[in-house]
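These notes are about the structure you will find just below.
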There are 2 protein chains.
Amino acid sequence: MEPIYIRIFKDIEAKILSGDWRPGDRIPREHDLVNDYGCSRMTVSKALTALVERGLVVRKRKTGSFVAAPQINRTVMDIQDIGTAATLAGYEHRHEILTRKIETLGPVEAAQLNSIAGVEILRIHCLHIVDGKPTAVERRIILLDTVPLARTESFVGAPPAKWLLSQVPWSKAKHVIRAVSADAATARILKIDRGDPCLNLIRQTWQNDRMVTYVEITHPGDRFQFAGIFHPTESALRQ
Amino acid sequence: MEPIYIRIFKDIEAKILSGDWRPGDRIPREHDLVNDYGCSRMTVSKALTALVERGLVVRKRKTGSFVAAPQINRTVMDIQDIGTAATLAGYEHRHEILTRKIETLGPVEAAQLNSIAGVEILRIHCLHIVDGKPTAVERRIILLDTVPLARTESFVGAPPAKWLLSQVPWSKAKHVIRAVSADAATARILKIDRGDPCLNLIRQTWQNDRMVTYVEITHPGDRFQFAGIFHPTESALRQ
DNA sequence: TAGTGGTCTAGACCACGGG
DNA sequence: CCGTGGTCTAGACCACTAT
């Protein structure tokens, strides 16, 4: 037996998606839905809350609930560490640490990262090999102040992304995706030609406003892509 | 006065983010939290539901609730139509329709799109100019069966993305982001060199399993990027 | 001021799943 | 079996805001 609040959710969602109720239209008051479905107001409220999360409805005190204005195109992308993605796709994955050194953060980089010059960092360069082919260069900075255990970690057993995930829960992440030309160093490492298009992912992670890590991952354009599917119903109801 | 369920949410979130409670650790039973906070079980449940959505907690019947395993790096990216993005960034935006013709979908393309050959489509090519510079080529297919009004729409007033959003609520979207080399046609339109790196976004949209549109948008690599910030607390609590 | 949603209670029964 | 979470009730008071 399907829960009542899911039935309410689906009914209203269908009305909106079919165009039967248009943006700006008023949705029945909670009290009316209580009567229609013969349930309590909490149950109606749970359905409406899910519809708000789904982005289909806006609720306003005193005035009522309405079909939301058409939304921007928002998508959820899983931006995984390369090893996990490769394993899921059924490929073998390994990594090589190219550089590993402890430095202090210079003023220029500190400004870029919105951090403080002079703090100790671990700088790591790492090559990822998937299915026998070089698939990504990872250039990473880890703030030793936030992650002291990184000082003695070799990253041979698990690549930095995976190791960090197991060490530090993160509370905020920022991503940028760009297309760039391979510079000479990158081309040499990835065994591609200089100037070839590359997909460039930058990720900066914080734990409670303390920066954890900054990483720039460069993929050959012909060997990698990001994909995201947005199934709004599922995400709103966790089904 | 902050709602109780938000206080509970924040307290547990802090325990997890600080590392005080580690992945796999058991969270107090709902009954215990009811005692701790002197509130009803529904209130506790609301907080825990939000923590599940946030990805910090998993709940299991009979066994209890636990700190979730470290999550993959999931981010929410706003993939907006170019006009909206440009306006938000404070730039002037205009578009030119390069091609607009009604066709039937060929078998090869139909297979690519997981659609049916022979259906009527509207094919549109469109150039986006932001801040006076060509910033994107848009190559789009609209299924006239799903969106019959497109047959007579000129797309002069509003670019296709914006017009579609106002016409058709979508229920599923799939995105792919790649880096590619500019081919000759694209390079000419965008006034860049052939082979220059380009950021390529593919979006396919459905309304209740009926395909609405397929679009491929190509940006010069040096004039566009995607950015996403994930503030999990805000998204889970809608604050 | 009055109508609407926002939150909350103090219970209840049920479904699931480990022992 | 029985402890846990999943859902639900029939109310209640409060906060906000359009009028």
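All values derive from a computational prediction rather than experimental measurement. As a basis for the values below, the full set of heavy atoms in this structure was taken, side chains included, without hydrogen atoms, waters or symmetry mates.
- One interatomic measurement links the two molecules: CZ of B:Arg29 to C1' of D:dG3, which rounds to 9 Å at whole-angstrom precision.
- Relative orientation of the B:Phe226 and B:Phe224 rings is perpendicular, given thresholds of 30° and 60° on the angle between their planes.
- B:Thr63 and B:Arg26 share no donor-acceptor pair across their side chains, judged by distance under 3.5 Å alone.
- With D:dG6, D:dT9, C:dT9 as the choices, the nucleotide that has an atom nearest any side-chain atom of B:Arg61 turns out to be D:dG6.
- Here A:Ser45 does not reach the OP1 or OP2 of C:dT7: none of its side-chain N or O atoms lies under 4.0 Å away.
- At C:dT4, none of the side-chain N or O atoms of A:Lys60 fall inside 4.0 Å of OP1 or OP2 (strictly under the cut-off).
- Classification of B:Arg29 and B:Asp32 as a salt-bridged pair holds, one side-chain N sitting under 4.0 Å from a carboxylate O.
- Distance from the side chain of B:Ser40 is smallest for C:dC8 among the nucleotides D:dG6, C:dC8, C:dC16.
- A sub-4.0 Å separation between OP1 or OP2 of C:dC8 and a side-chain N or O of B:Arg41 is absent.
- Where B:Thr63 and A:Met42 each meet DNA chain D at their nearest nucleotide, the meeting point lying more 5' is that of B:Thr63.
- OP1 or OP2 of D:dT7 sits under 4.0 Å from a side-chain N or O of A:Tyr5.
- Taking the six-membered ring where tryptophan is involved, the planes of B:Phe155 and B:Trp163 are perpendicular, since the angle between them exceeds 60° and thus also 30°.
- The nearest whole Å value for the distance from the CD atom in A:Glu30 to the C1' atom in D:dG11 is 15 Å.
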**Study point:** Evaluation steps, salt bridge (charged side-chain N to carboxylate O under 4.0 Å, His left out), between B:Arg7 and B:Glu2
**Key:** CA-CA 7 Å; B:Arg7 248 183 53 222; B:Glu2 198 177 47; 5.6 Å; no
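- Comparing D:dT9, C:dG6, C:dT7 by their closest approach to the side chain of A:Arg59 singles out C:dG6.
- Residue B:Lys46 contributes atom NZ, which lies 15 Å from atom P of D:dC8 at whole-angstrom precision.
- Rounded to a whole Å, the CZ atom of B:Arg7 is 14 Å from the C1' atom of C:dT7.
- Relative to the side chain of B:Ile4, the nucleotides C:dT9, D:dC16, D:dT7 differ in distance, and C:dT9 lies closest.
- In this structure, A:His31 places its NE2 atom 15 Å from C1' of C:dA2, rounding to the nearest Å.
- Rounded to an integer number of Å, the gap from A:Leu33 CG to C:dG3 P is 18 Å.
- The nearest whole Å value for the distance from the CZ atom in A:Phe66 to the P atom in C:dG5 is 9 Å.
- A close approach under 4.0 Å does occur between a side-chain nitrogen or oxygen of A:Ser65 and OP1 or OP2 of C:dG5.
- Distance from the side chain of A:Pro3 is smallest for D:dC8 among the nucleotides C:dG6, D:dC8, C:dT9.
- Here D:dT7 presents its P atom at 13 Å from CG of B:Leu48, a figure rounded to the nearest Å.
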